[in-house]
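Bear in mind that the values here come from a model prediction, so they are computed numbers and not experimental data. Just follow the structure's listing: the first ligand is 1, and inside any ligand the first atom is 1. FYI, side chains are in, hydrogens and waters are out, and symmetry mates aren't considered; it's all heavy atoms of this structure.
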Amino acid sequence: MYGPNGVLAITLLKKILHKLTFLRSLKTRIFLLLLVVGLVPCVIMRYAILQNYEQRAVGIRTSGIAIQLRILADHLITYHYLQDTSSEVINAEINQLSVLYDGRVMIINSDLRIVKDTYGISENKTIISEEVVRCVKGETTSKYDRDNGYIELTIPITETVASDESEAQPKTEIVRGVMLVSASTDSIVATLDTLSRQALIIEAIVILVIVVASVLGARVLIRPFEKITLALDKAQEGYTDDFICVTDCIETEHIGDAFNRVLGRMKVLDDSRQEFVSNVSHELKTPLTSMKVLADSLISQKDAPVEMYQEFMEDIANEIDRENEIITDLLALVKMDRTAADMNITEVDINVLVELIMRRLRPIAQKRDVELVFESVRPVSAAVDEVKITLVISNLVENAIKYNKEHGWVKVTLDADHQFFTVTVADSGIGIPEDSLDHIYERFYRVDKSRSREIGGTGLGLAITRNAVLMHHGSIKVESTEGEGTTFTVRIPLSYIGE
Ligand SMILES: Nc1ncnc2c1ncn2[C@@H]1O[C@H](COP(=O)(O)OP(=O)(O)O)[C@@H](O)[C@H]1O
Ligand SMILES: [Mg+2]
């Protein structure tokens, strides 16, 4: 729209404006705003009032002179002045007029010859100017020369005569000559100057008031913001538990509230991290403690039978497997906590993927006598991170098998619309109590802690699942009835939406 040079100029201007840091200060902005609001009406009013005064003054002066001149014109005719300029009375009258208006009066006859000039320099000369010529034809003209400070007026000197000898005929006016008057407007200019000076003084006072008001006003307006900066600095230094509360104005209250929410969230995150670390330590220690007990009892028993060694060593191997499982899950979870940059998005055939997972889990299902069913409504292909989606589906199916009943079933359904694909994992298992439903995605959470030992599992599976779903900007939902079964529904966008 602007062309390359225009764009360059705009960028440069933006940079310069950005460098002018004082313009970004709220104080400067308040000052400039007040200045504009205060000064603009002042200037407009001054201009309008002075302009109006000048027009009116010139108009009044012009009409005043015109009246005087018309009276004089009658006298000129009466005294036949155009033919004979010796009349003392008329000369005195003309001089008086020129003195009165601080100007020049010229009487011109119909031959355009100047018969009288109060300056006495142009008498008997012929004058040919547009105004005079127009005036000879009966037109009155007036002109205001602002730069040189005078009003020029031409008035025809007319005589009324009966056009015919008979009285009945209408009378006509015949132009016998012209009066040309230049009157000074010095007094008007002087008044204008005085008015203008007064207006300037008022403007100066307004500026002064604005400066004082903006300095004081800015200080009052800025104070809450300075307070909040101070409070934020304090909070940052010492990670205080105090909430920020600057109630001086609504805006700062909002800033404070927003910050308090961030602070609250930070505290929650901090707490959950601490809890996570202590949970991890505890979970990792449990198998170690068992192994230690098993090993100690073998050591303390001299001549223990080989069968006992065999049995205890098996237990120790199981504990090592468990430790391994926890660490694997933890690593998977940590990976899920990373950013979207770690996503490895490829186009994946979800039907094939689900079938693969089912085939891998079928032996476990058979061992527990659980029937595994896959129902695909349509072929689905989506842009996802294959590893993460595999974790999601296998975790859900694994749980559905693990927390099932004898002769139970697990049904996996795959469907899609134009935006999302949906994987539903339904089971005929033990179900999840309602008050546990909110917690199942928490790390290390298990509904029945005592049973988990025989069933296995780390309590990290659903945490990993949920994170993987969220990383795909998808959603996960659970419905469960205790003793009847559970249904997990996962919805993932068909095409990955980056950050
Ligand atoms: N399909 C299900 N049926 C019943 N309970 C379930 C089901 N899926 C998960 N749960 C409950 O949620 C808890 C958390 O699951 P998860 O995070 O996968 O941990 P884990 O399977 O390792 O115990 C499980 O311990 C279990 O109590
Ligand atoms: Mg699990």
Would you say T185's side chain and G149's backbone share a donor-acceptor pair under 3.5 angstrom? yes

Run the side-chain hydrogen bond (donor to acceptor under 3.5 Å, both in side chains) test on S381 and E347 for me, step by step, so that the C-alpha distance in whole Å, both residues' side-chain angles and the decisive distance to 0.1 Å come before the verdict. CA-CA 7 Å; S381 163; E347 196 69 25; 2.9 Å; yes

Quick check: does F488 get an N/O under 3.5 Å from an N/O on ligand 1? no

Partners of F444 by ring-ring contact (aromatic ring centres under 6.0 Å, His included), sequence neighbours excluded? F276

Starting from the C-alpha separation in whole Å, work towards a yes-or-no answer on side chain to side chain contact (heavy atoms under 4.5 Å, CB included) for Y445 and L462. CA-CA 9 Å; Y445 183 84; L462 284 182; over 6 Å; no

Show me which atoms of ligand 1 lie under 4.0 Å from any heavy atom of G461. 16 (P), 17 (O), 18 (O)

Short list, please: which atoms of ligand 1 are under 4.0 Å from a heavy atom of T458? 22 (O)

When you look for heavy atoms under 4.0 Å from ligand 1, do you find them on the side chain of D427, its backbone, both, or neither? side chain

With no hydrogens and no angle check, is any side-chain donor or acceptor of N395 less than 3.5 Å from a backbone partner on G461? yes

Just by distance, do the side chain of N324 and the backbone of I320 share a donor-acceptor pair under 3.5 Å? no

May I ask you to decide if G483's main-chain N or O and K405's side chain share a donor-acceptor pair within less than 3.5 Å? yes

Atom indices of ligand 1, in the order listed, that fall short of 4.0 Å to a heavy atom of K402: 20 (P), 21 (O), 22 (O)

Any donor and acceptor pair, going by atom type alone, linking the side chain of S428 with main-chain N or O of W409 inside 3.5 Å? yes

Of the backbone atoms (N, CA, C, O) and the side-chain heavy atoms from C-beta on, which set of T486 has a member under 4.0 Å from an atom of ligand 1: side chain, backbone, both, or neither? side chain

Out of all atoms in ligand 1, which are within 4.0 Å of some heavy atom of G457? Include the element for each. 22 (O)

Please indicate whether any nitrogen or oxygen in A463 is less than 3.5 Å from any nitrogen or oxygen in ligand 1. no

Side chain or backbone, does V447 bring an N or O within less than 3.5 Å of an N or O on ligand 1? yes

Should the proximity of Y445 to ligand 1, defined as any heavy atom under 4.0 Å, be assigned to the side chain, the backbone, both, or neither? backbone

With side chain to side chain contact (heavy atoms under 4.5 Å, CB included) as the criterion, how do D145 and E152 come out once you've worked through the C-alpha distance, each side chain's angles and the decisive distance to 0.1 Å? CA-CA 8 Å; D145 186 333; E152 196 180 84; over 6 Å; no

With the threshold set at under 4.0 angstrom, would you say G429 reaches ligand 1 through any of its heavy atoms? no

Nearer than 2.8 Å to the Mg ion (ligand 2), the protein contributes N, O or S atoms numbering 1

salt_bridge(D270, K267) N-O dist < 4.0 Å: no

Given T252 and K227, is the side chain to side chain contact (heavy atoms under 4.5 Å, CB included) satisfied, shown in steps? CA-CA 9 Å; T252 53; K227 263 196 200 170; over 6 Å; no

